[in-house]
Amino acid sequence: MRLSPFLPILSTRWYACYAGALTAPALGSPPPANINLYISLLNRCAEQRSISQTRRVHLHMNQTGFPHLSLGNKLVVAYLNSGDVDDARQVFDEMPNPHIVTWNAMISSYIRHKRILEAVSMYKLMLVKRIHPDEFTFSTTFRAFSGMRLINGGRAVHGHLVVLGLQSKNLHVSSALVDLYSKFGRLREAHIVYDAVDVKDVVLATALIVGYTQNGEDGEALGVFGEMVNSGIKANDFTFASILIACANLKDLFSGRMIHGAILKSEFCSNIAPRTSLLSLYSNSGLIEDSMKIFSEIVNPNTVAWTAIIGCLLNSHREEDALSMFRSMIFSSESPNAFTLSTTLAACSSLALLNQGKLIHAYALKTGLDTNRFVISALVDTYGKCGQIGLARMVFDSAIVPDLVSLNSLIYGYAQNGNGVEAVRLFHMMQSLGLGPNDATYVNTLSACSKSGMIDEGRRIFSSMVADHKSEPSNDHYACMVDLLGRAGRLEEAKELLAKAQKPDKVVWRALLGASKIHGEVEMAKWAAKKVLELDPGDDGTYVLLSNMYASLGQWEEVIKMKCLMREKGLKKEDPAVSWIHVDRAVHSFTAGDRSHPKGVMIYDELERLIEKTKGMGYVPDTRFVLHEMDELERDEPLFYHSEKLAVAFGVLSGRGKAYEPITIFKNLRVCVDCHNWMKLVSKLIGKEIIARDAKRYHCYRDGLCSCGDYW
DNA sequence: TTAGGGTTAG
């Protein structure tokens, strides 16, 4: 048999395929057009999802001049299956009368490729051409409107559905509609659609359950789940994954454990989604070891499972473990996504690990995840908490669309870094960025005013919050204002303001207690402490705070009373003060009077030397704070050996002779007044910047001054 | 057709 001149277009295998279908190929001429041949070829192209073969058959059809109009539907599907929506559309547009199935295939392909706008315009084109949509059209179009976040468009399509009388019975349509309304928080409407279906199935019920959990109505989700089980519908892995999230949000360990049992008995016990939800359930209930066990039983964790376990560790304040889990993930076959990066950045932010944060930033830039708003916010937060407010600002400015959370983080960054003026400036210009303040914006801005002593500005913002937003200030806002006024010594004014709070919580009273302590107002401190303990009798921090205040005033009998009271109540002591510093890729931590470091002798020598030199510059030890972080056993240790001083001494020792680099130390509690004064002088003495991050903020000491302006 | 993981504040 002579080969056809068209053979190069098709491979031998394909030739064999059509040769078999041809009855009598004419020698020397193109194969005759044969509809059955093309149908079989196009079916095969669609099955094998092969774009190159689809193009060849298409070309072949053009070359033979075969009118492919009747084959258009097949050709469109072959292109769509091969992932080429644009070529499919071209063929589609040439067809005089595409089949409804072809319209639907086009719409759902656009959705699959996240080209939602085109999906919706396709639906509109259908209406213009007076093509009657069918049930499949509706279910895909609802998904398109849901993806575009256009509730009104979706509603209008719902209207068409009702007009055509197709609305109630079809499960696919109803599920898509429940999903659409749920995504817009319209649970009442979602539930009406759900109720209208007589014979429900697991997908429909799961869509409603997910709607409720994603809108914070977890109790309702449990209700729908109960109804579903009672009506004999069997849950699948999607249902289990979702309902466990409802239990996790409600911290309903009892129901969660029952569902865990049901999963173990089901065929879905090894599926990853329900297992991932179980992780979250146990983590939310404070059972991190159970979460770890479940994770360890997952054979090949995917990105979601890795992210979940990193988040669990973070929630349990095990940031170091969260980071090492992230490293394990990098070595696995799964790649981090935006969820993973924002979670991991939160761990970096919490530990103020600048270099780790920068590595993740680099990864985000490389993978294009740097445009994700969650990643941006987490980066702004991390840089802010690492004292790199310039970088935080750069990341914020790099966002194409400004985002409220990242702006809130930036405001807080400026607050922490002692630039209250810029924080307030940002607050005032946010409207021009098209962003409206939320509760967190006010908390952050007011706390910026508080940290920078901007009393009048804080007052103005607080009043404007009520006037402009007509919202009642929350306890958090009252706490900020009490803190602002109290720190500035206006305790009576703070007390008057507090009286206006409808139902002040312990956060508000603790703000007053803290301010009273700063100003040595014993009676007010006692009153505030009493209120805190009424609201939370187990608040050990309050006992410690009172005890420290008595100590700073030299009222030792009261100190002893407090300690006895704590012992009686079985409360644990406050966490001991720890300071740490990163040197040569290792973390070196110190507690007060700690001599356990291998270079202990050298560190103490260095510290003595620094203290002597700074005394010469006017350093006078402030002995009021001796007990601040000392245990009874260490009371005889001089004030000089506070943890942050040891960390600074080690930093000076390690940095000597090396290229310039600021000394960065961290402390788990707030930095003490004496150490604060001392570090200012050390920065001048050694001609280097000292950066100290304490529990609340950053202090950048340079040339004898601190960025906080001595107000923290 | 339905699912699980994410950023800020006191």
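Below, all heavy atoms of this structure are taken into account, side chains as well, without hydrogens, waters or symmetry copies. Chain letters run A, B, ... following the sequence lines, proteins first, then strands; residues in each count from 1.
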Looking across every strand, which nucleic acid part, if any, lies under 4.0 Å from [X] by heavy atom: base, sugar-phosphate, or nothing?
X        : value
A:Asn372 : base
A:Ser280 : sugar-phosphate
A:Glu334 : nothing
A:Val405 : base
A:Asn438 : nothing
A:Ile310 : nothing
A:Ala176 : nothing

*Kindly determine whether A:Met325 and A:Phe295 satisfy side-chain contact (heavy atoms from CB on, under 4.5 Å), including the steps that lead there.*
CA-CA 11 Å; A:Met325 198 57 96; A:Phe295 181 76; 4.1 Å; yes

In whole angstroms, how far is the [atom2] atom of [N] from the [atom1] atom of [X]?
X        : N      : atom1 : atom2 : answer
A:His361 : B:dT7  : NE2   : C1'   : 14 Å
A:Ile233 : B:dT2  : CD1   : C1'   : 13 Å
A:Phe240 : B:dA3  : CZ    : P     : 16 Å
A:His477 : B:dG10 : NE2   : P     : 11 Å
A:Met430 : B:dT8  : CE    : P     : 17 Å
A:Leu180 : B:dT1  : CG    : C1'   : 13 Å
A:Tyr414 : B:dA9  : OH    : P     : 17 Å
A:Lys234 : B:dT2  : NZ    : C1'   : 17 Å

*Under 30°, 30 to 60°, or over 60°: which ring-plane class applies to A:His260 and A:Tyr282, parallel, tilted or perpendicular?*
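The rings of A:His260 and A:Tyr282 sit tilted, inter-plane angle from 30° to 60°.
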
From C-beta outward on [X], which listed nucleotide comes closest to its side chain: [options]?
X        : options              : value
A:Asp476 : B:dG10, B:dA3, B:dT2 : B:dG10
A:Val304 : B:dT2, B:dT8, B:dG5  : B:dG5
A:Thr340 : B:dG6, B:dA9, B:dG5  : B:dG5
A:Asn337 : B:dG5, B:dT7, B:dT1  : B:dG5
A:Asp381 : B:dT8, B:dG6, B:dG10 : B:dT8
A:Ser377 : B:dT7, B:dT1, B:dG6  : B:dT7
A:Thr343 : B:dA3, B:dG6, B:dA9  : B:dG6
A:Ala346 : B:dG4, B:dT7, B:dT1  : B:dT7
A:Ser409 : B:dT1, B:dT8, B:dA9  : B:dT8
A:Val507 : B:dG4, B:dG5, B:dG10 : B:dG10

*Hey, is A:Phe374 stacking on B:dT7? Ring centres under 5.5 Å, planes under 30°.*
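No; by the centre-distance and plane-angle rule, A:Phe374 does not count as stacking on B:dT7.
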
Measuring to OP1 and OP2 of [N], would you say a side-chain N or O of [X] lies under 4.0 angstrom away?
X        : N      : result
A:Gln416 : B:dA9  : no
A:Lys385 : B:dA9  : yes
A:Tyr412 : B:dG10 : yes

*asked:* Before we go on, tell me: are the rings of A:Tyr478 and A:Phe462 under 6.0 Å apart, centre to centre?
replied: yes

_Within the 6.0 Å centroid threshold, strictly below: A:His361 and A:Tyr383_ = yes

_Residue A:His317 excluded, over 12 heavy atoms near NE2 under 6.0 Å_ =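 Atom NE2 in A:His317 is not packed in, count stays at 12 or less.
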
*Apply side chain to side chain donor-acceptor pair (under 3.5 Å) to the pair A:Asn438 and A:Thr441, showing each step before the final yes or no.*
CA-CA 5 Å; A:Asn438 65 3; A:Thr441 319; 2.8 Å; yes

_Verdict with supporting geometry, A:Ile389 and A:Tyr414, side-chain contact (heavy atoms from CB on, under 4.5 Å)_ = CA-CA 7 Å; A:Ile389 193 66; A:Tyr414 278 113; 3.5 Å; yes

Base of [N] paired with side chain of [X] (donor-acceptor, under 3.5 Å):
X        : N     : answer
A:Asp237 : B:dG4 : no
A:Ser342 : B:dT7 : no
A:Asn302 : B:dG5 : no

